[in-house]
There are 2 protein chains.
Amino acid sequence: MPRKVQPVAQGPRRSVLSDETYDMVKAMILTHEIAPGAKVNIDALALKLGVSQTPIREALARLESDGLIAKEALKGYSTTKLLTVKQFNDLFQFRLLIEPWAAEQSAKQIDAVGIAALNAEMQSAKTALKLSESEQVQAFIEHDARFHSLITRISGNESVTESFERTHCHLHLFRLFLAAQSHLLDDKPKDKFVEDLFYRYYQTGSGQLTIKEHEAIRSAICSGDDKGAKAAMQKHIQSSLDRFSPAAKALNK
Amino acid sequence: MPRKVQPVAQGPRRSVLSDETYDMVKAMILTHEIAPGAKVNIDALALKLGVSQTPIREALARLESDGLIAKEALKGYSTTKLLTVKQFNDLFQFRLLIEPWAAEQSAKQIDAVGIAALNAEMQSAKTALKLSESEQVQAFIEHDARFHSLITRISGNESVTESFERTHCHLHLFRLFLAAQSHLLDDKPKDKFVEDLFYRYYQTGSGQLTIKEHEAIRSAICSGDDKGAKAAMQKHIQSSLDRFSPAAKALNK
DNA sequence: AAATACTATTTCGTATAGTATTTTGACGTC
DNA sequence: GACGTCAAAATACTATACGAAATAGTATTT
């Protein structure tokens, strides 16, 4: 028995190990520390994270429900592959169904708290512009995730909020981005255009474009312009679909 | 080629225990064998199902992701409560966002396989009419679940299909129904109207109404009438919302 | 080369023990 | 009686070891 020399005289642990494990494994998937489509060995993972199998099993079960990990009976777990072009398009079509509606609803019932939250989020996006290029990408995807999530929450509809969260769309986008980046690091000049596609839309220019579109949405919502908010959101999602689509195609060649 | 020496004899039920456990616990929630909001003791459940804790924990972790079970750190699992009126309305609003679209898409790309599946499902609904009243309710909810699920699948959009499945809307409706039924069994005459509300709409008359609405949707989809399919689906969901809504209110008084 | 047999690895489930935390309930104080 | 304290019981959580069964890989036979 590991005698556990002084587990630090801290207060009671707020969460449980299986929850922390869930977050850690999710982060490992996000960052390609576990590559898309790779096998996930429970023993190895337990060893790596310094925990026993039990919390790992629970975490993987939840991640499977999330669609981030696939389970094959008697063959074990593996991470899901990158989105195919079809899944990518399906995902954006789905977003087009619920997010414009969410923006419309938000405009109809926005209050001071919501306005403050939206303003704060836009502020964080603008400060992200000051980061270096590589950090900007991550910062912008995170801002984008928070911004869209925030609007579904302001809409007030639990089902809509949950179903949006479950798509993990920004996690998938980030994985696609990382895949494109690693293509670059390979000495494969033929994939040069992937660089263009992804960087072009995630770099400063695109960051400012995203901010501009987000600002239009925020403005419409905060002024109670429901139809305008709906239209702005629809345009924004369509716009990012158009931006990403060629890159997604390239990666799924 | 694997040897496969006829394991058919006693049939090793051991496919993957944790999956079977998941289904069993889900069924127990559906049937109120575990009441809404009740604590779920892992030891007791393991004992009851005759398995060890491991598969139980995995099943509960997945059910938590499904929103059928809630987990509180260091306090354990418990089933989620019945839908509140707000959650009920949110759920139907969500369905109104995605299902009419799914019907529309289905009409645009219906093929022979889809037509056959829709026809078969309608047939099963009609045979359900021959069952006794109590059996009819369950049969109709199951038909309803399959019918709507089928259409999201025919629409071809994975995100839409998955997000619809995850709502478990028919499971929640069935739990509401069972709750109403048990209200009846209590000697509480004041809840008499709950009986009316639920039975009125699930009995023969409502069954035939549901069939009629489903038939309109099927017909529009199979004939490629996309706008008609969308309208019919919208009308159907709105109609069932109107039917259920007073009952849901009564239960959440 | 194809089918079979054997071995190694891995998954899946069980059992058990130990720790951490909550819950319970008795007890005493105000 | 209301309220807080504190120990005991119950329960949740984690660790670990073991074994059965399936898969995967390798060797052998036909």
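Since the structure is predicted, the reported quantities are computational estimates derived from the model, not experimental observations. First the proteins, then the strands, lettered A, B, ... as listed; each starts at 1.
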Short heteroatom pairs, N/O only, protein and nucleotides 6-11 of chain C, under 3.5 Å:
from	atom 1	to	atom 2	distance (Å)
C/dT11	OP2	A/Asn41	ND2	3.4

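With hydrogens and angles ignored, the 3.5 Å screen pairs a side-chain donor or acceptor of A/His168 with a backbone N or O of A/Arg166.
Residues passing the side-chain contact (heavy atoms from CB on, under 4.5 Å) test with A/Asp23, sequence neighbours excluded: none.
If you check the side chains of B/Thr21 and B/Lys26, you find no donor sitting under 3.5 Å from an acceptor. Between the side chains of A/Ser124 and A/Arg146, at least one donor N or O lies within less than 3.5 Å of an accepting N or O.
Atom C1' of nucleotide C/dA20 and atom CG of A/Asp19 are separated by 15 Å, given to the nearest angstrom. The CD atom of B/Glu64 sits 14 Å away from the C1' atom of D/dA12 (whole-angstrom rounding). Atom-to-atom, CD1 of B/Ile69 to P of D/dA12 comes out at 12 Å; the value is rounded to the nearest Å. What separates CG of A/Leu17 from P of C/dA20 is a distance of 13 Å, to the nearest Å. For the pair A/Glu58 CD and C/dC12 C1', the computed distance is 15 Å after rounding to whole Å. Here D/dT14 presents its P atom at 13 Å from CG of A/Leu49, a figure rounded to the nearest Å.
Across C/dT14, D/dT16, C/dG13, the shortest atom-to-atom separation from the side chain of A/Ser52 is found for D/dT16.
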Secondary-structure string, 5' to 3', Watson-Crick or G-U under 3.5 Å, | for another-strand partners, for DNA chain D
||||||||||||||||||||||||||||||

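Ion pairing of B/Arg57 with A/Glu58 is present here, as a side-chain N (NZ or NE/NH1/NH2) and a carboxylate O approach within less than 4.0 Å.
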Check the pair A/Arg95, A/Asp90 against salt bridge (Lys or Arg N to Asp or Glu O under 4.0 Å), reporting the backbone distance first and the verdict last.
CA-CA 9 Å; A/Arg95 294 182 62 185; A/Asp90 282 0; over 6 Å; no

For a side-chain hydrogen bond (donor to acceptor under 3.5 Å, both in side chains) check, start with the C-alpha distance between A/Gln53 and A/Asp43, then their side-chain angles and the critical distance, and finish with the verdict.
CA-CA 7 Å; A/Gln53 288 195 358; A/Asp43 283 318; 2.3 Å; yes

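Residue B/Gln138 forms a side chain to side chain donor-acceptor pair (under 3.5 Å) with just one option from B/Glu142, B/Gln136, B/Glu135, and that option is B/Glu142.
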